[in-house]
J.: 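Pasting a structure here, questions to come.
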Amino acid sequence: MRLFSIAAVALLAAQAAGASIKHRLNGFTLLEHPDPAKRDLLQDIVTWDDKSLFINGERIMIFSGEVHPFRLPVPSLYLDVFQKIKALGFNCVSFYIDWALLEGKPGDYRAEGIFALEPFFDAAQEAGIYLIARPGPYINAEVSGGGFPGWLQRVNGTLRSSDKAFLEATDNYIANVAATVAKAQITNGGPVILYQPENEYSGGCCGVKYPDGPYMQYVIDQAHDAGIVVPMISNDASASGHNAPGTGTGEVDIYGHDSYPLGFDCANPTVWPKGKLPDYFRKSHLEQSPSTPYSLLEFQAGAFDPWGGPGFEKCYALVNHEFSRVFYKNDFSFGVSIFNLYMTFGGTNWGNLGHPGGYTSYDYGSPITETRNVTREKYSDIKLLGSFAKVSPSYLLATPGNLSTGVYTDTSDLAVTPLIGDRTGSFFVVRHTDYASQESTSYKLKLPTSAGNLTIPQLEGSLSLNGRDSKIHVVDYNVSGTNIIYSTAEVFTWNKFHDSKFLVVYGGPEEHHELAISSKSNATIVEGSSSGITTKQKGTSVIISWDVSPTRRIVQVGDLKVILLDRNSAYNYWVPELAKEGSSPGYSTLKTTASSLIVKAGYLVRGAHQDGADLHLTADFNATTPIEVIGAPKGAKNLIINGGKVSHKVDKNGIWTSEVKYTAPKMELPNLKDLDWKYLDTLPELKSSYDDSAWVSADLPTTKNDHRPLDTPTSLYSSDYGFHTGTLIYRGHFVANGKETELFIRTQGGSAFGSSVWLNETYLGSWTGADYATNGNSTYKISQLESGKNYVITVVVDNLGLDENWVVGEEGMKNPRGILNYSLSGQDASAITWKLTGNLGGEDYHDKVRGPLNEGGLYAERQGFHQPQPPSDSWESGSPLEGLSEPGIRFYTTSFDLDLPKGWDVPIFFNFGNNTSASRAQLYVNGYQYAKYTSNVGPQTSFPVPEGILNYHGTNWIALSLWALENDGAKLDTLELSYDTPVLTGYGEVESPDQPKYEEREGAY
């Protein structure tokens, strides 16, 4: 159904009925009507007020996780990630699209196979997840060029500006990608509900017009012209209010910003500097965009790690579960209702797609690890908050108040932000005044409730807040008609089932809590010991007071059963939506219905559905696990877990109990050292017989890159010649005059890059690389050359990706790659004529399946020998564990079979043993480049490769290039396969993407 027809009908009907105008969307007036029947006229429309979005007429909080499909090139695993995000209580995923992967050649847009967007949309639809589309043209995202394809270096115009050349360069990409997104909009029955037309358009310099309203309007109009009708939302990293509604040309429909308050100092993960917890967001929102929902389009859920960094486990420690407890609840105190966590699943910078500020892993310290594992405590802690948000619709109607000390508690050591509901529930967010405090603070609450102003606890004891923790205390909280006057324990979830009503609350270790229920019924302990629990009838309320215990207790008041948990136990509970057989779970909202279960099941519950008398659970297990089902639906008699019927018992509270046994399978991985390795020299360019006549002549007298003028007679910038990725090789020809004594050369490949130089077959030296260095100057001594003889200088440059372009006007993406300058003593620079190569074909890249960035310019890559079944029978025998005894680059290949047990998700890693020599390695797995290893820079030595890229039930071909940058050569000390804890999974089969095998390439040189 088209937006125009829906909106037009809604407008006419609402005008006749006297409804109030709500907001304008893309030129059509959208209306909210108090009558649900009339509101049905707004089917498939996304609209909003100053509190939140409405979807299909229902007020909804968007709780979202960031996922990049291009960082997981196995489309059959998209649903796995979506289900794990859905299990957090989230209802949305935000995603970037990387232009550089889809239009590697100007005008040639390709979004097929692993780059197709439709499987991502379909998986979201199946999981019941909404999507926020963020296709750029610029995305940042720690990808090469910030998502800009390398050929933009040749565009004569400022990037991300109104310069005509740049705007025209974006037209083909946006016309295609936005049209694809448009087909997946909610107005067409798809999952896309919001569209971001530019990313972090938040800083300018260097005399460039900024902010540039006409530029923003252009990219907005591009999307509209392609069929985008859902609201436009911004992501302002400076939180300046640029392009907010009411600012004029280029304004978006909904203003949003991002925030990374702890930054990226992973080397000091326990340090929370003063002043980093935001306390001004609510005030800024009311000043900048009071008519739209408060939106945080990216809030920190991890941190990037650069070459030479401390590693992603340290990044996780920086923004771990303590961070989520304090910072995310602080965001809730501002009334955030569109909330996206970056990253929730990071993935991998496979195939050269990363920028030079990061290495192969993009784990990001995210709640879901790079291997799609959910064992990090932060994942479980966020699940508590996401599940609470899902069952707390009154949160969206509460008005945030001012942060205060000494008003709602009896101590100034704590700070409280109230969110006061008008005839709905209220919420009080409590934290330490010194947000980084690690002290445990005792306190009493002083709260306004429907039972009057109360000092809490009313019965006995006091509350406590441990360091680096915070709490959301609820007041007059509606649990399906039962009023919770207050709860100092935090709410995990609640639900009304056909025969019972449950509320689940939790507290931290050794805490004391109190909860009051508006009821004349007595409280009865129906499960667990009464030790540490006190109950009292006070007027028309029942008060329950207890000390937190790791043993579950259930207290019943009237028709409500309150489950009392400690926080660690609550981690094992899940709230899957209950779907009917053959249907998807449906889109998650904040409205609680009887369509959910409460399940205790350990590692992961993916979903649930009922088929007649059978109640099905789909779940994953990493240990023997007790199962409990709370709220089994009416008519259900049998419990089916992952397709198999299991026995269960039903206790007096109607709770089903069972158990899943776990026995780790016997795993046998091949010893890579014992495989039949073959190798060849992948620098044949050093031999005097080598013919480079097919190479591109680097003969442009001027560069097409307007960012950096030439210091050389002709351009040696790789992108001028269509080479934007991976290894670059240059050959400089000259005739000696006998006066040459030294060669100076300046190469550039981005942070941590390396380069090596030979004169004919004589090694001159290398720039071995450093994490801080984007380019390097080297001067090499030359022995006496024979006058009149032809010589060739061979330069190999490791291009680690193109720089990002965050600041408009800096033109960082145009920082060239290759040779910036050189001089040969005794010769004029123009006496050297240069040729260069990169990946075969450059922008006419050969491997359309794996995309434009996967291959570099090494001889073996140009030939396609990194793909399965290369013609290696005649190659020399030898492994990378033996390596090279001199500088150079060798290329190794071998194969092995895997036969892993089906029904198990087994993370597999390739582990490189560190060595002391400066060396670099690339690992290809079935043709996909899945590791770039630098021994002297680091930090990454362990490289996970997902199922689908690895064939778990068949043959795998691996290839490895080993580059020795020092005189004594290099070898890998070790190269091993390892695996992490196997997970017994209900997910199903993983289908491998295409893995084209080797075929002789026409024109390969």
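The model shown is predicted, which means the values in this text are computed figures rather than measured ones. Worth knowing before you read on, the calculation uses all heavy atoms, side chains too, and leaves out hydrogens, waters and symmetry mates.
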J.: Can R110 and D108 be said to form a salt bridge (Lys or Arg N to Asp or Glu O under 4.0 Å), step by step?
T.: CA-CA 6 Å; R110 293 177 176 269; D108 186 14; 3.2 Å; yes
J.: Who are the side chain to side chain contact (heavy atoms under 4.5 Å, CB included) partners of S94, not counting sequence neighbours?
T.: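 By the side chain to side chain contact (heavy atoms under 4.5 Å, CB included) rule, S94 matches S64, E66, I132, R134, N340.
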J.: Atom NZ in K329, atom OG in S324: separation rounded to 0.5 Å?
T.: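 Output value for this atom pair is 7.5 Å.
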J.: E298 and N235: side-chain donor and acceptor closer than 3.5 Å?
T.: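 Side-chain D/A pair, E298 to N235: present.
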J.: Inspect the surroundings of NZ in K51 and state if more than 12 heavy atoms from other residues, nucleotides or ligands are less than 6.0 Å away.
T.: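 Count over threshold, so yes.
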J.: Do we see a donor-acceptor contact under 3.5 Å between the side chains of N349 and R71?
T.: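 Distance-only check passes for N349 and R71.
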J.: Test your reading of the model: is there a side-chain donor-acceptor pair from K378 to the backbone of A301, 3.5 Å cut-off?
T.: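 Here the side-chain-to-backbone pair exists.
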J.: CG of L297 to OH of Y255: how many Å apart, nearest 0.5 Å?
T.: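 Here the rounded value is 10.0 Å.
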J.: Taking S289 for its side chain and H285 for its backbone only, find out whether a donor-acceptor pair lies under 3.5 Å.
T.: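 Not a single qualifying donor-acceptor pair exists.
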J.: Taking all atoms of both residues into account, what is the closest heavy-atom pair of T158 and F166, and its distance?
T.: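 Shortest heavy-atom separation between T158 and F166 comes out as O-CB, 3.6 Å.
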J.: Determine yes or no for a side-chain-to-main-chain donor-acceptor pair under 3.5 angstrom, with S202 supplying the side chain and A237 the backbone.
T.: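 Yes, S202 side chain to A237 backbone: donor-acceptor pair under 3.5 Å.
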J.: Below 4.5 Å, heavy atoms only, C-beta onward: do I472 and L385 meet side chain to side chain?
T.: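 Result yes, sub-4.5 Å side-chain heavy-atom pair found.
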J.: To the nearest 0.5 angstrom, please state how far the CG atom of L341 sits from the CG atom of D331.
T.: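 Atom-to-atom, L341:CG and D331:CG are 8.5 Å apart.
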J.: Using every non-hydrogen atom in the two residues, find where P106 and R154 come nearest and quote the distance to one decimal.
T.: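 Heavy-atom minimum between the residues: CG-NH2, 4.3 Å.
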J.: Identify the two heavy atoms, one from A303 and one from Q300, that lie closest to each other, and give their separation to 0.1 Å.
T.: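 Heavy atoms of A303 and Q300 come nearest at CB-NE2, 4.2 Å.
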J.: Would you be so kind as to tabulate the donor-acceptor pairs closer than 3.5 Å made by side chains of residues 417-428, with sequence neighbours excluded?
T.:
from: S426; atom 1: OG; to: G421; atom 2: N; distance (Å): 3.0

J.: With rounding to the nearest 0.5 Å, note down the distance linking CD1 in I97 to CZ in F70.
T.: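 Atom-to-atom, I97:CD1 and F70:CZ are 9.0 Å apart.
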J.: In terms of side-chain heavy atoms, does R59 have a donor or acceptor partner in S52 at a distance below 3.5 Å?
T.: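 Yes, because at least one side-chain N or O of R59 sits under 3.5 Å from a partner of the opposite role on S52.
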J.: Is a side-chain N or O of N243 found less than 3.5 angstrom from the main chain of M216, in a donor-acceptor match?
T.: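 Between the backbone of M216 and the side chain of N243 there is no qualifying donor-acceptor contact (under 3.5 Å).
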J.: Hey, does the side chain of Q217 reach the backbone of G250 with a donor-acceptor pair shorter than 3.5 angstrom?
T.: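 Checked: pair present.
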J.: Would you say the rings of F332 and Y395 are close, in the sense that their centroids are separated by under 6.0 Å?
T.: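 Centroid distance Y395-F332: below 6.0 Å, so yes.
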J.: For Y173 and W99, take the angle between the two ring planes, folded into 0 to 90°, and tell me which bin it lands in: parallel under 30, tilted 30 to 60, perpendicular over 60.
T.: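 Rings of Y173 and W99: parallel, under 30°.
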J.: Looking at every heavy atom in both A389 and F63, which two are closest together, and how far apart are they?
T.: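 A389 and F63 have their closest heavy atoms at CB-CD1, 4.1 Å.
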J.: Quick test of your reading: applying side-chain hydrogen bond (donor to acceptor under 3.5 Å, both in side chains), list the pairs with at least one residue in residues 138-151, sequence neighbours left out, ordered by first then second residue.
T.: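 For residues 138-151, and leaving out neighbouring residues, the side-chain hydrogen bond (donor to acceptor under 3.5 Å, both in side chains) pairs sorted by first residue read Y138-N140, E142-Y362.
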J.: Report the C-alpha separation of L296 and I338 in whole Å, then their side-chain angles, then the decisive distance to 0.1 Å, and conclude whether the side-chain contact (heavy atoms from CB on, under 4.5 Å) test is met.
T.: CA-CA 6 Å; L296 273 166; I338 300 177; over 6 Å; no
J.: Please check if any side-chain donor atom of Q222 sits under 3.5 Å from a side-chain acceptor atom of T170, or the reverse.
T.: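 Side-chain D/A pair, Q222 to T170: present.
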J.: Please tell me whether D212 and S162 have a donor and an acceptor in their side chains that are separated by less than 3.5 angstrom.
T.: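 Short answer, yes.
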J.: Working to the nearest 0.5 Å, report the span between CD1 of I129 and CD1 of I85.
T.: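 These two atoms lie 6.5 Å from each other.
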J.: Quick one: do H68 and Y342 satisfy ring pair (Phe, Tyr, Trp, His ring centres under 6.0 Å)? Show the steps, please.
T.: CA-CA 10 Å; H68 300 156; Y342 188 106; 5.6 Å; yes
J.: Between I139 and V143, is a side-chain contact (heavy atoms from CB on, under 4.5 Å) present by the stated rule, with each step listed?
T.: CA-CA 8 Å; I139 61 172; V143 294; 3.9 Å; yes
J.: Any ring-ring contact (aromatic ring centres under 6.0 Å, His included) pairs touching residues 174-208, not counting sequence neighbours?
T.: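 Matches after skipping sequence neighbours: Y201-Y210, Y201-Y215.
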J.: Is the distance between the ring centroids of Y294 and F339 under 6.0 Å?
T.: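 No.
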J.: Checking side chain to side chain donor-acceptor pair (under 3.5 Å) against N815, which of D803, N705, T774 comes through?
T.: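 With N815 as partner, side chain to side chain donor-acceptor pair (under 3.5 Å) holds for just one option, D803.
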J.: Decide yes or no for I60 and Y130: does some side-chain heavy atom of the first lie under 4.5 Å from some side-chain heavy atom of the second?
T.: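 Yes, close enough: below the 4.5 Å cut-off.
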J.: Applying the side-chain contact (heavy atoms from CB on, under 4.5 Å) criterion to I233, which one of P293, P197, S295 satisfies it?
T.: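 Result: among P293, P197, S295, S295 is the only option passing the side-chain contact (heavy atoms from CB on, under 4.5 Å) with I233.
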J.: Check whether any side-chain heavy atom of D305 lies under 4.5 Å from a side-chain heavy atom of Y364, and answer yes or no.
T.: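 Side-chain contact under 4.5 Å: no.
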J.: So does G128 get a backbone contact from the side chain of K86, meaning a donor-acceptor N/O pair under 3.5 Å?
T.: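 A pair under 3.5 Å: yes.
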J.: Are the side chain of D236 and the backbone N or O of S240 linked by a donor-acceptor pair below 3.5 Å?
T.: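 Checked: pair present.
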J.: Any chance you could lay out the side-chain contact (heavy atoms from CB on, under 4.5 Å) test for F281 and H257, step after step, and finish with the verdict?
T.: CA-CA 10 Å; F281 281 176; H257 70 96; 3.7 Å; yes
J.: For the ring pair F54 and W48, is the centre-to-centre distance below 6.0 Å?
T.: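 They do not qualify: ring centres at least 6.0 Å apart.
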J.: At their closest point, which heavy atom of P261 faces which heavy atom of K276, and how far apart are they?
T.: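 Reported closest heavy-atom pair: CB-O, 3.1 Å.
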J.: Is the backbone N or O of A165 less than 3.5 Å from a side-chain atom of E168, with the two atoms forming a donor-acceptor pair by type?
T.: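 No, the answer is negative, given that no donor and acceptor are paired below the 3.5 Å cut-off.
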J.: Heavy atoms only: give me the nearest S719-H724 pair and the separation to one decimal.
T.: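 Heavy-atom minimum between the residues: OG-ND1, 2.8 Å.
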J.: Check this for me: D221, atom CG, are more than 12 non-hydrogen atoms of other residues, nucleotides or ligands nearer than 6.0 Å?
T.: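 Result for CG/D221: enclosed.
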J.: Checking side-chain contact (heavy atoms from CB on, under 4.5 Å) for the pair V416/T405: CA distance, chi angles, key distance, verdict?
T.: CA-CA 6 Å; V416 180; T405 58; over 6 Å; no
J.: Using the disulfide (SG to SG under 2.5 Å) criterion, which residues pair with C92? Sequence neighbours excluded.
T.: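 C92 satisfies disulfide (SG to SG under 2.5 Å) with no other residue.
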J.: Holding to side chain to side chain contact (heavy atoms under 4.5 Å, CB included), I want the full list of residues that pass it with N172, two or more places apart in sequence or in another chain.
T.: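 Partners of N172 under the side chain to side chain contact (heavy atoms under 4.5 Å, CB included) test: E103, Y109, N176.
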J.: Given salt bridge (Lys or Arg N to Asp or Glu O under 4.0 Å), test R160 with E198 step by step and report yes or no.
T.: CA-CA 9 Å; R160 305 179 73 190; E198 236 282 4; 2.8 Å; yes
J.: Tell me, do N156 and K704 make a side-chain contact under 4.5 Å, heavy atoms counted?
T.: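 No, side chains not in contact.
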J.: Where the side chain of E58 meets the backbone of I55, is there a donor-acceptor pair that is under 3.5 Å apart?
T.: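 Absent.
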J.: Please examine the side chains of Q153 and D706, heavy atoms only from C-beta on, and report whether any two atoms are closer than 4.5 Å.
T.: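 When only atoms from C-beta onward are counted, Q153 and D706 do not touch, as no gap falls below 4.5 Å.
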J.: What distance separates N330 CG from R282 CZ, expressed to the nearest 0.5 Å?
T.: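 That separation rounds to 13.0 Å.
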J.: Any donor-acceptor pair under 3.5 Å linking the side chain of E811 with the backbone of L159?
T.: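 Yes, E811 side chain to L159 backbone: donor-acceptor pair under 3.5 Å.
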J.: Less than 6.0 Å separating the ring centroids of F299 and Y260?
T.: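 No.
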